[in-house]
Amino acid sequence: MNIRDQAKQHIKPFFADTRFTYHSWDHTLTVVDNVRQIASMERVSDQEMEILELAAYFHDSGYQQGSEGHEARGARIAREFLTSKDFPQSRITLVEELIRVTQMEVEATNQLEFIIKEADVAHIASADYLIYGDRLRQEEETIHSTTHTDLEWAKYNRQFIKNYKWKSKSGKKLYREGQKENVAELKEIIKELQLEADQKIPSRGIETMYRVALRNHNQLSKIADNKANIMLSITALMLSILLSSLAPKIDANPRLLWPTILIVTVCLVTMIYAILATRPSVSSASYSREKLLNNEVNLLFFGNFYKIPLEEFEWGMNRLMEDKELLYGSLSKDLYFLGSVLAKKYEYLRIGYMIFMVGLVLSVLAFIAAFTFGL
């Protein structure tokens with residue numbers, strides 16, 4: 001395995017915190033791909049390509065310990081890893097320098113620095129730039145507790161994209177047109193948001209409330225699924241051990257029969273509740289235009305629209321976008337039913353964990369009694 005593949009395996013666990021929706025493992029892989037594309041067009045040597053890729057893998061490795069000074073931490077992590085692999089010290093120094101130049105305030109001065117810096121910000125020319133921007137905004141709101149109005153965020157992004165200058169010929173060729181298109185799109189978005197602000201439409205706080213509430217509920221749902229999966233794994237492992245090791249000995253030791261039955265029953269019942277907690281549940285409601293206009297059906301939930309024709313769905317979505325009362329009513333229903341499903345998940349988990357905890361204690365006592373008193 002070459003040093004780049006080893007670095008990739010080593011660095012992935014540094015991105016375990018899923019709250020970092022922008023500075024994530026996916027972002028790192030994207031920067032690596034961008035580096036390869038730009039560097040190939042710049043015709044760098046194989047050795048320089050290796051150094052660039054290593055810097056790309058490590059450039060955000062220190063971010064989840066805090067954004068302040070994360071480049072220096074990433075450089076230190078890279079040095080420790082590469083030193084342990086007997087990588088040449090002169091090349092390690094180059095990797096460190098390339099990681100540090102990814103700081104926004106640091107100016108790139110040579111070809112390799114142009115490449116790594118442009119690969120790191122290439123998202124500003126992407127057709128999915130607004131998606132990347134939402135991820136960064138979500139990360140800042142979650143991690144740093146910062147808040148921006150839609151208008152403030154759009155202005156900040158347009159200013160940043162508009163002022164960024166590509167230094168390499170390949171960067172200009174690859175990204176300049178996309179950059180211009182995103183600046184133009186943000187200009188239109190700012191116009192719409194400014195008009196909304198001038199009309200004093202109080203939608204920002206409401207939309208933030210729905211976004212935060214729905215995101216928190218989805219996060220809680222993921223946590224519940226993870227807890228259920230942990231319990232399924234534990235009980236499945238216990239059952240396999242019991243059936244392979246303990247069951248064959250019951251004929252010779254009849255006193256083990258009832259304790260074994262007890263712990264097997266506890267595992268099975270716990271597994272049932274864990275499965276119930278993760279079991280998909282799709283509710284549905286009959287759809288009609290009248291019900292939608294009367295706010296009696298939630299068109300934002302797939303269970304209510306997957307059977308209707310596309311034309312009818314598009315008609316309904318257009319009505320939602322035109323009528324804020326209908327839109328907020330649908331979002332409220334979505335939040336309510338998501339909370340109802342979440343309550344069931346946690347109730348099943350609570351019962352399952354309680355059965356497992358109490359049953360495990362009783363099973364241990366039953367085994368002790370069987371061995372001690374021959375019961």
Side-chain angles (χ1 to χ4, degrees), residues 8 10-35 56-71 73-74 77 99 102-104 116-161 164 175 178-179 182 185-186 189 193 203-227 229 300 302 331 334-335 338-339 342 345:
K8 182 178 180 180
H10 176 76
I11 212 66
K12 186 175 181 180
F14 284 78
F15 298 91
D17 193 339
T18 56
R19 295 177 303 161
F20 290 85
T21 49
Y22 178 78
H23 292 92
S24 62
W25 179 236
D26 286 340
H27 169 68
T28 295
L29 295 180
T30 299
V31 174
V32 172
D33 288 340
N34 293 339
V35 159
Y57 277 123
F58 283 96
H59 83 285
D60 276 343
S61 57
Y63 203 93
Q64 297 201 358
Q65 286 73 51
S67 59
E68 189 70 26
H70 76 273
E71 295 89 356
R73 283 193 298 276
I77 292 167
I99 292 173
T102 59
Q103 298 177 69
M104 295 305 301
I116 188 71
K117 204 168 182 70
E118 291 175 1
D120 194 26
V121 298
H123 65 282
I124 69 173
S126 169
D128 295 326
Y129 173 73
L130 293 178
I131 296 175
Y132 291 122
D134 284 341
R135 290 176 184 173
L136 181 57
R137 181 178 179 179
Q138 180 181 334
E139 179 181 300
E140 291 193 359
E141 289 178 351
T142 303
I143 303 299
H144 305 296
S145 300
T146 59
T147 56
H148 306 275
T149 65
D150 291 339
L151 183 58
E152 290 170 346
W153 186 252
K155 286 182 175 180
Y156 166 78
N157 279 273
R158 182 174 183 269
Q159 189 70 18
F160 174 75
I161 299 176
Y164 190 84
Y175 304 124
Q179 178 188 20
N182 285 335
E185 183 176 4
L186 283 168
I189 291 173
L193 292 173
S203 61
R204 167 62 181 158
I206 298 172
E207 290 167 3
T208 299
M209 176 195 72
Y210 278 117
R211 182 171 62 251
V212 172
L214 289 168
R215 184 173 68 230
N216 290 343
H217 278 65
N218 282 318
Q219 189 65 30
L220 286 171
S221 183
K222 291 178 182 178
I223 292 171
D225 289 340
N226 287 336
K227 288 180 180 291
N229 288 329
L300 300 179
F302 76 95
L331 287 171
D334 202 34
L335 183 60
L338 185 59
L342 196 58
K345 280 179 176 284

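Note: hydrogens, waters and symmetry copies are ignored here, and every other heavy atom, side chains too, is used.
- Judged purely by atom type and a 3.5 angstrom limit, Thr102 uses its side chain to pair as donor or acceptor with the backbone of Ile99.
- The closest donor-acceptor contact from the side chain of Asn182 to the backbone of Ser126 lies under 3.5 Å.
- Among all heavy-atom pairs drawn from Thr18 and Thr21, the shortest one is O-CG2, 3.9 Å.
- Using a 4.0 Å cut-off between a side-chain N of Lys or Arg and a carboxylate O of Asp or Glu, Asp128 and Arg135 do not qualify as a salt bridge.
- Within the model, atoms CD1 of Ile77 and CD1 of Ile11 stand 5.5 Å from one another, a figure rounded to the nearest 0.5 Å.
- For the atom pair OH (Tyr175) and CG (Asn34), the distance works out to 4.0 Å, reported to the nearest 0.5 Å.
- Side-chain N or O atoms of Gln64 include one that pairs as donor or acceptor with a backbone N or O of Asp17 at under 3.5 Å.
- Each of Glu140, His27, Gln138, Arg137 was checked for a side-chain contact (heavy atoms from CB on, under 4.5 Å) with Tyr22, and the lone residue meeting it is His27.
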Using side chain to side chain contact (heavy atoms under 4.5 Å, CB included), reason through Lys8 and Leu29 one step at a time and then give a plain yes or no.
CA-CA 9 Å; Lys8 182 178 180 180; Leu29 295 180; 4.0 Å; yes
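- A distance-only check finds a donor-acceptor pair linking the side chain of Lys117 to the backbone of Gln103 [under 3.5 Å].
- Residues Tyr63 and His59 place their aromatic rings such that the two centres sit no closer than 6.0 Å.
- The heavy-atom pair separating His10 from Pro13 by the smallest distance is O-CD, 3.3 Å.
- Taking the six-membered ring where the residue is Trp, Tyr156 and His148 present parallel rings, their angle staying beneath 30° rather than reaching 60°.
- Atom CG of Asp60 is separated from atom CZ of Arg73 by 10.5 Å, given to the nearest 0.5 angstrom.
- The minimum heavy-atom distance linking Ala154 with Leu186 is given by the pair O-CD2, 4.4 Å.
- Listed for the Asp120 side chain is no donor-acceptor partner under 3.5 Å among the backbone atoms of Ile116.
- For Ser61 (side chain) and Phe58 (main-chain N/O), a donor-acceptor pair under 3.5 Å exists by modelled atom type.
- From Trp25, atom CH2 reaches atom OG1 of Thr30 across 11.0 Å, with rounding to the nearest 0.5 Å.
- Interatomic distance, CD of Gln179 versus CD1 of Ile161, reported as 7.5 Å (0.5 Å rounding).
- The aromatic ring centres of His23 and Phe14 sit 6.0 Å or more apart.
- Rounded to the nearest 0.5 Å, atoms CD (Glu141) and OG1 (Thr147) are 7.0 Å apart.
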